[in-house]
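Here is the structure we will look at.
Proteins get letters first, then strands, A, B, ... in listed order; numbering begins at 1 in each. Because only heavy atoms are used, hydrogens play no part in the values below, and waters and symmetry mates are left out as well, while side chains stay in.
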Amino acid sequence: RFQKLQHELSELTEAEEKLDELINKSSLQLRLLTEDTHNKKLSYIRCQDLRNTVDPPDQIVMVIRAPPETQMQVSEPSEGYQISLKSSNGPIDVFLCPED
Amino acid sequence: AQECQDLEAERKRRLERIKHKQSQLQELILQQIAFKNLVQRNRQMELQNNRPPPANTVIHLPFIIINTSKRTVIDCSISNDKFEYLFNFDNMFEIHDDVEVLKRMGMAFGLEAGRCSADQLKIAKTLVPKVLQPYVTKMAQGAINQL
Amino acid sequence: RSRILVSIGESFGSADKFQKINQMVSSTDRSLKRSLEGGSTPKPLKRL
């Protein structure tokens, strides 16, 4: 039983190392993809796309575009909810997605 | 017997870590497919229309959305330089990021739910490197839910 | 009172970043509603 466990553990070590390598490669690929200038111009959705994903459709949909490392804090005071946004790398854009 | 117990415990820990890393890799694969699919769709649309869509009708990534009922009263205060916002809601809301919106738009071909047709699976596999294609096939067969 | 802090502004972060917030909001919303309705506290059983 001891030898069987030892063998299994070495297989699991191999599997984990392979996963680590794939995760690192995929994270790098994704970062290069999203930072590519051409892709940046084409990585958008239309307001209609967004409307189609909201269920039920007649809701208020607020869109927030913030610079990297913007801090969002959601706290639960006694009544209702509070969301605070704090940026240190530039202004934050907030707008409502039109219904039509 | 003690050494066997230690190995058993180590085996359990490792299996947990591997499970977590598999779902991390699946999420990265989904995001890569969704992003490439979105860029391809927009490129085709712009070629079709011979021009990009009007700037005020598109939302560039990255973004997050907050959706709430129309009856919700939202009290909003903004600093002059727009570096700080404070919102007070009197009703519940949901917050989602751009990846979630892309998935809901079908940009990941339903792989996140293990619902992907054979044709879509073919397209999805062309959007990832060869070494990741077996993972895409497994996701199409519902591997995510098993995790 | 709970509060959750997340960093936004980067694409393609971790998938479940907002899951905790949405769970907190929807779970507490129910108790908020119950307390507002006042019908939540179980009435003491009448002495037979």
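- Shown here is A/Gln3, whose CD atom has no more than 12 heavy atoms of other residues, nucleotides or ligands within 6.0 Å.
- Chain B forms the most heavy-atom pairs under 4.5 Å with one residue out of A/Asp58, A/Val63, A/Ile23, A/Val54, and that residue is A/Ile23.
- Pairing each heavy atom of A/Leu5 with each of B/Cys4, the nearest pair is CD1-O, 3.7 Å.
- Of the listed residues (A/Ile45, A/Asn52, A/Asn39), the one with the most heavy-atom contacts under 4.5 Å to chain B is A/Ile45.
- Annotation: the span from B/Phe93 atom CZ to A/Gln59 atom CD amounts to 12.5 Å, rounded to 0.5 Å.
- Annotation: the span from B/Arg14 atom CZ to A/Glu8 atom CD amounts to 11.0 Å, rounded to 0.5 Å.
- More than 12 heavy atoms of other residues, nucleotides or ligands shown are found within 6.0 angstrom of NZ on B/Lys21.
- Counting heavy-atom pairs closer than 4.5 Å to chain B, the top residue among A/Val94, A/Val61, A/Asp55 is A/Val94.
- Residue A/Lys25 does not touch chain B at all, counting heavy-atom pairs closer than 4.5 Å.
- Residue B/Glu8 holds its CD atom at 9.0 Å from CG of A/Leu9, rounded to the nearest 0.5 Å.
- Across all their heavy atoms, A/Ile60 and B/Thr72 have their closest contact at CD1-O, 4.0 Å.
- Between A/Ser26 and B/Gln32, the shortest heavy-atom contact is O-NE2, 4.3 Å.
- Here the shortest heavy-atom pairing between A/Thr53 and B/Val101 reads CG2-O, 4.0 Å.
- Within residues 45-54 of chain B, the residues approaching chain A closer than 4.5 Å by heavy atoms are, in numerical order, B/Met45, B/Glu46, B/Pro53.
- Looking at B/Thr57, only its backbone comes within 4.5 Å of chain A, counting heavy atoms on both sides.
- Looking at B/Ile74, the atoms closer than 4.5 Å to chain A (heavy atoms on both sides) all sit in the side chain, from C-beta outward.
- Interatomic distance, B/Glu3 CD to A/Gln6 CD, rounded to the nearest 0.5 Å: 8.5 Å.
- For a residue to count as touching a neighbouring chain, one of its non-hydrogen atoms must lie under 4.5 Å from one of that chain's; by this rule B/Arg41 touches chain A with the side chain only.
- Between A/Leu22 and B/Tyr135 the shortest heavy-atom distance is CD1-OH, 3.3 Å.
- A/Thr70 does not touch chain B: none of its heavy atoms, backbone or side chain, sits under 4.5 Å away.
- Interface check for chain A: of the options B/Gly106, B/Ser69, B/Ala1, the most heavy-atom pairs under 4.5 Å are formed by B/Ser69.
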Test side chain to side chain contact (heavy atoms under 4.5 Å, CB included) on A/Ile83 and B/Phe89; report intermediate values, then the result. CA-CA 8 Å; A/Ile83 298 182; B/Phe89 290 74; 3.7 Å; yes

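- Taking the side chain as every heavy atom from C-beta outward, A/Glu99 and B/Lys70 approach each other to under 4.5 Å.
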Dump the intermediate steps for side chain to side chain contact (heavy atoms under 4.5 Å, CB included) on B/Phe83 and A/Ser88, then the final yes or no. CA-CA 7 Å; B/Phe83 275 48; A/Ser88 44; 5.8 Å; no

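- In terms of heavy-atom pairs under 4.5 Å with chain A, the best-connected choice from B/Leu7, B/Leu102, B/Val73, B/Asp75 is B/Leu7.
- The distance from atom CD1 of B/Ile66 to atom SG of A/Cys97, rounded to the nearest 0.5 Å, is 13.5 Å.
- Per-residue counts of heavy-atom pairs under 4.5 Å with chain A were compared for B/Ile29, B/Leu25, B/Thr68, B/Leu28; the largest is that of B/Thr68.
- Residues satisfying the ring-ring contact (aromatic ring centres under 6.0 Å, His included) test with A/Tyr44, not counting sequence neighbours, are B/His60.
- Only the backbone of A/Lys40 comes within contact range of chain B, with heavy atoms under 4.5 Å apart.
- Between B/Ile59 and A/Phe95 there is a side-chain heavy-atom pair separated by less than 4.5 Å.
- Salt-bridge check for A/Asp93 with B/Lys82: passed, with a basic side-chain N closer than 4.0 Å to an acidic carboxylate O.
- In this structure, A/Met62 and B/Asn67 have side chains that are not in contact, with every pair of non-hydrogen atoms separated by 4.5 Å or more.
- Here B/Gln120 pairs with B/Ser117 under the side-chain hydrogen bond (donor to acceptor under 3.5 Å, both in side chains) rule; sequence neighbours left out.
- For the atom pair CG (A/Leu12) and CZ (B/Arg17), the distance works out to 9.5 Å, reported to the nearest 0.5 Å.
- Contact annotation for A/Glu21: neither backbone nor side-chain heavy atoms come within less than 4.5 Å of a heavy atom of chain B.
- Looking at every heavy atom in both residues, A/Ala15 comes nearest to B/Ile18 through CB-CD1, 4.1 Å.
- Interface check for chain B: of the options A/Leu50, A/Leu33, A/Asp20, the most heavy-atom pairs under 4.5 Å are formed by A/Leu33.
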Show your working on side chain to side chain contact (heavy atoms under 4.5 Å, CB included) between B/Val58 and A/Arg46 and close with a plain yes or no. CA-CA 4 Å; B/Val58 297; A/Arg46 296 163 307 177; 4.3 Å; yes

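- Contact check on B/Arg104 versus A/Asp49 returns no salt bridge, with no Lys/Arg side-chain nitrogen under 4.0 Å from an Asp/Glu carboxylate oxygen.
- Contacts with chain A were tallied for B/Ser79, B/Ser77, B/Pro62; B/Pro62 has the most, counting heavy-atom pairs under 4.5 Å.
- Proximity to chain A (any heavy atom under 4.5 Å) is shown, for B/Ile78, by neither the backbone nor the side chain.
- Applying the side chain to side chain donor-acceptor pair (under 3.5 Å) test to residues at least two apart or on different chains, the pairs with a partner in residues 124-133 of chain B are B/Lys125-B/Thr137.
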Give the intermediate values and the outcome of side chain to side chain contact (heavy atoms under 4.5 Å, CB included) for residues A/Ile64 and B/Tyr85. CA-CA 11 Å; A/Ile64 299 175; B/Tyr85 284 72; over 6 Å; no

